[in-house]
There are 2 protein chains.
Amino acid sequence: MASKESTPDVSRRSERSRRAIFDAALALVGEVGYPKTTVEGIAARAGVGKQTIYRWWRSKADVLLDAFLDLSEQAAEAAGQAPYAIPDTGDLAADLKGVLRATVDELQDPAFAAPSRALAAEGVVNEELGRRFVARLLLPQLELYADRLRSAQRAGQVRADIDPRIALELFVSPLAQRWLQHTGPISYEYTDTLVDYALNGLAPR
Amino acid sequence: MASKESTPDVSRRSERSRRAIFDAALALVGEVGYPKTTVEGIAARAGVGKQTIYRWWRSKADVLLDAFLDLSEQAAEAAGQAPYAIPDTGDLAADLKGVLRATVDELQDPAFAAPSRALAAEGVVNEELGRRFVARLLLPQLELYADRLRSAQRAGQVRADIDPRIALELFVSPLAQRWLQHTGPISYEYTDTLVDYALNGLAPR
DNA sequence: AGCGTACGAGACGAACCGTCTCGTCACACC
DNA sequence: GGTGTGACGAGACGGTTCGTCTCGTACGCT
């Protein structure tokens, strides 16, 4: 006897509907924007009853989070084995600049940017969803930077007393803020500059 | 003959209603959250007809932006003459740490944080409003940091070839991102560390 | 084979939306 | 001061979406 609140019988779930809902949600967010995307609209486009959505998710934000996670997994598989590991050529500055340039490209891709923006915005105001978004998407990404910085510490290219988890924010957060809040333009030149400033510092050497 | 689209006769506007709407909007956002704040709710609480709100603003986000700008001005006046100018004692690190600590306190204040969060979130997804939010609130703040950094450049404490507008992001953006996206805790120790890392760089000196 | 349950479809009341229409009253203008 | 214009509070209105519910159908465990 399953608890009344728990999700229904997962083994009988229609994979076909699940995928159709993901596709419809991502498409709608890209086409009409997040605020105008409705559960009814998703259901209609997916050829699915509303109840089927409400049976498995609690809100449209929930649907979009799962849809985006699914999209990310697909993208990761398509991109090859290691999902977005940061290269380690021994040249820290070059490695970081390369990854940030790839991120810049990603942020310009509407298919990726629209749902990502929507989820980030929802997370700002809805703490519970925000924490899930961060834990499942953002933090794993940040951890890759931390790993690369630790490697640089072992190589003596970064001071040993530096906390990698904070250090990475010096170049990641500015890019994130410019993108999210439109506080400035985004370009390769900009991210390259961030890396240079972060590694060398603002004070004269 | 005024254009049909322009705002109605401003000289006949009720200041009483304007203030009541601001108070109600800020109170509701703080109490029930931004998504559950409605135009009808604001009108009812302010003791005002809905039309009076739609006559002067286009959306609840617009109302909240004006309400928050008003709140900021009041706070600035109450805090004294110069609105949040960054002190210049000659010790750049200490000055920055002081201001950032004050910002940390501000971000913990619910009366200030709730509407600020709501506007930031709306701005992420609504670019037009986002740009106004940034132009009228965020950029003026950032310019103060840029000014302080330019002063430090003249004093030889910051390299002359550094772009102050980008440099300030090294310590401002990480704090912003942690606060907005809940990517990590916020504390004096954290912001102090950011300033140290940014000024001295991650690489060994 | 059959039972159970997820499914598509859509009806339902509730909440808000944004527009509109009242009658009232404050204030700008003369 | 007197007058008339237009903003005001109030709320009715149709439309949209919400989240719940109730059907009959058909898929998939056991």
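Every chain is numbered from 1, with letters handed out A, B, ... down the list of sequences.
- Atoms CD1 (I42(B)) and C1' (dC16(C)) sit 12 Å apart, rounded to a whole Å.
- Rounded to an integer number of Å, the gap from E15(A) CD to dG28(D) P is 12 Å.
- Residue E128(A) qualifies as enclosed at atom CD: its count of foreign heavy atoms under 6.0 Å is above 12.
- With dG8(C), dC8(D), dC18(D) as the candidates, the nucleotide lying closest to the side chain of V48(A) is dG8(C).
- Residue-to-nucleotide proximity on DNA chain D shows that, of R12(B) and E40(B), the 5′-proximal contact is made by R12(B).
- Atom NZ in K36(B) sits roughly 13 Å away from atom C1' in dG19(D) (whole-Å rounding).
- Distance NZ (K60(A)) to C1' (dG19(D)): 14 Å, rounded to an integer number of Å.
- Closest to the side chain of Q51(B), out of dT17(D), dC20(C), dC8(D), is dC20(C).
- For the pair R13(A) and W57(A), the cation-pi test (distance below 6.0 Å, angle within 45°) is passed.
- Comparing dC7(C), dT17(D), dT5(D) by their closest approach to the side chain of T38(A) singles out dT17(D).
- Heavy atoms of G41(A) sit nowhere under 4.0 angstrom from any nucleic acid atom.
- Backbone-only contact: W56(A) has heavy atoms under 4.0 Å from sugar-phosphate atoms and none from a base.
- At a threshold of 4.5 Å between non-hydrogen side-chain atoms, the residues Y145(A) and P164(A) do not count as touching.
- When each of S11(B) and Y54(B) is assigned the nucleotide of DNA chain C with its nearest heavy atom, Y54(B) is the one assigned upstream, toward the 5' end.
- The number of heavy atoms from other shown groups lying within 6.0 Å of CZ (R16(B)) does not exceed 12.
- We find that CH2 of W57(A) is positioned 15 Å from P of dC18(D), with the value rounded to whole Å.
- Nearest-nucleotide mapping onto DNA chain D: of K50(B) and D9(B), the residue sitting toward the 5' end is D9(B).
- Closest to the side chain of S17(A), out of dC8(D), dG8(C), dC29(D), is dG8(C).
- The distance between atom CZ of R55(A) and atom P of dA9(C), rounded to the nearest whole Å, is 13 Å.
- Whole-Å rounding puts the I21(B) CD1 to dA7(D) P distance at 14 Å.
- Residues F68(B) and L137(B) are in side-chain contact: their nearest non-hydrogen atoms beyond the backbone lie under 4.5 Å apart.
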